[in-house]
Amino acid sequence: MLNRRTFTRTGLAFVGCCLTGFAQTPSAGGRRQVTVGGRRVKTVDFHSHCAVPGVMELMGQTTPTNGVNGALLLANDRLKQMDAQGIDVEVLSINPFWYSVERDLARTMIKIQNEKLSEYCNGHSDRFVGLASIALQHPDLAAEELEEAIKKLGLRGAAIGGSVNGEELANPKFEPFWAKAEELAVPVFIHPQAVPEFRGRLQGSGILTNVIGNPLETTIALSHLIFEGTLDRFPNLKICAAHGGGYLPSYADRSDLGCITLSQNCKPLKKKPTEYLRQIYVDSMVFSSEGLRHLAAVCGSGRIVMGTDYPYPWTTTSVDHILNTPGFSNQEREAMLGTTAMQLLGMRS
Ligand SMILES: [Zn+2]
């Protein structure tokens with residue numbers, strides 16, 4: 001593990017990590033116990049964010065410590081929010097901000113980040129599990145980092161962006177990473193960071209970089225993974241796409257018709273494009289009952305895991321969204337609330 005001496009030797013400064021300042025006792029307000037059909041179920045939030053202080057600083061940036069971004073740090077309030085919402089376990093991930101970084105520094109940053117996250121999660125294993133950070137801009141290094149994170153640090157999968165410096169995840173250069181993720185049988189959470197190329201058009205009112213840009217990037221990333229044959233070459237990948245898989249499940253049938261209408265522009269695939277949507281996982285962040293019902297119709301209820309996006313204040317009612325959407329069996333609700341995520345993450349129920 002890197003220590004203060006290592007940092008001093010390399011001329012790097014390290015700021016104390018707030019991950020250790022977490023209160024271990026439940027909030028005074030009590031913990032909501034979620035039941036389905038009278039039976040207590042363990043709930044898992046697959047989509048929540050955190051930050052490890054001191055890592056952004058290695059890039060000359062500053063880890064935010066106030067406002068919503070401050071809540072990225074694992075402060076006491078996080079547990080209170082989880083207890084109030086009925087979330088038993090959060091799956092912690094860190095949105096990539098390091099894809100521009102050269103190899104040696106990237107390796108150092110990822111090592112610190114994964115070790116700190118692991119240390120924290122292992123110390124609070126009843127409430128938190130972690131997804132590894134990966135320097136995907138260096139694909140062979142990314143594969144090594146994933147293996148180390150899973151085998152040595154006890155992290156449960158990886159979190160990556162929806163593109164890497166303008167390159168698609170379906171680019172063959174990233175296949176060493178996909179091969180390792182498939183070999184290790186761990187989930188890879190794809191979390192978008194808007195479409196950098198569209199940033200100019202998404203300015204103005206409505207935070208469109210996030211509202212539209214994020215699901216758009218996921219839509220593009222998943223579409224390339226399907227149409228370039230990546231999901232054929234790695235059929236056992238456990239990809240989980242944020243925000244309900246972006247726009248793709250909402251308009252999936254067009255993906256099937258494109259290659260019928262204009263087949264000269266399509267590579268041969270093993271399945272209909274929409275069938276790949278039953279090969280991936282998506283989170284439940286579509287907000288309405290109708291949206292969740294549609295997502296289940298397209299992807300399958302067994303492919304949906306609960307997400308909140310905490311600490312970003314998109315929703316505080318993810319549990320109720322799943323409990324109150326009409327038409328699901330108790331088994332389907334339990335799957336979405338936690339059992340599918342636990343299977344994906346290799347957690348005990
Ligand atoms: Zn998010």
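Values reported hereafter were calculated over all heavy atoms of this structure, with side chains retained and with hydrogens, waters and symmetry mates removed. Order of listing sets the numbers, starting from 1, for every ligand and every atom in it. What you are looking at is a predicted structure, and each value in this text was computed from that prediction instead of being measured.
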Please test R303 against L295 for side chain to side chain contact (heavy atoms under 4.5 Å, CB included), starting from the C-alpha separation and ending with a verdict.
-> CA-CA 9 Å; R303 294 279 165 172; L295 198 58; over 6 Å; no
Stepwise, does the side chain to side chain contact (heavy atoms under 4.5 Å, CB included) test hold for F174 with V164?
-> CA-CA 10 Å; F174 298 120; V164 181; 3.7 Å; yes
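- Checked against the 6.0 Å centroid criterion, the rings of F189 and H47 qualify as a close aromatic pair.
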Please report, to 0.1 Å, the donor-acceptor pairs under 3.5 Å made by any side chain of residues 259-269, with sequence neighbours excluded.
| from | atom 1 | to | atom 2 | distance (Å) |
| --- | --- | --- | --- | --- |
| T261 | OG1 | L257 | O | 2.8 |
| K267 | NZ | E228 | OE1 | 2.4 |

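- Counted within 6.0 Å of CZ on R40, heavy atoms from surrounding residues, nucleotides or ligands total more than 12; the atom is thus considered enclosed.
- Protein nitrogen, oxygen and sulfur atoms, that is N, O or S, within less than 2.8 Å of the Zn ion (ligand 1) amount to 4.
- Looking at Q85 and T316, their side chains never bring a donor and an acceptor atom within 3.5 Å of each other.
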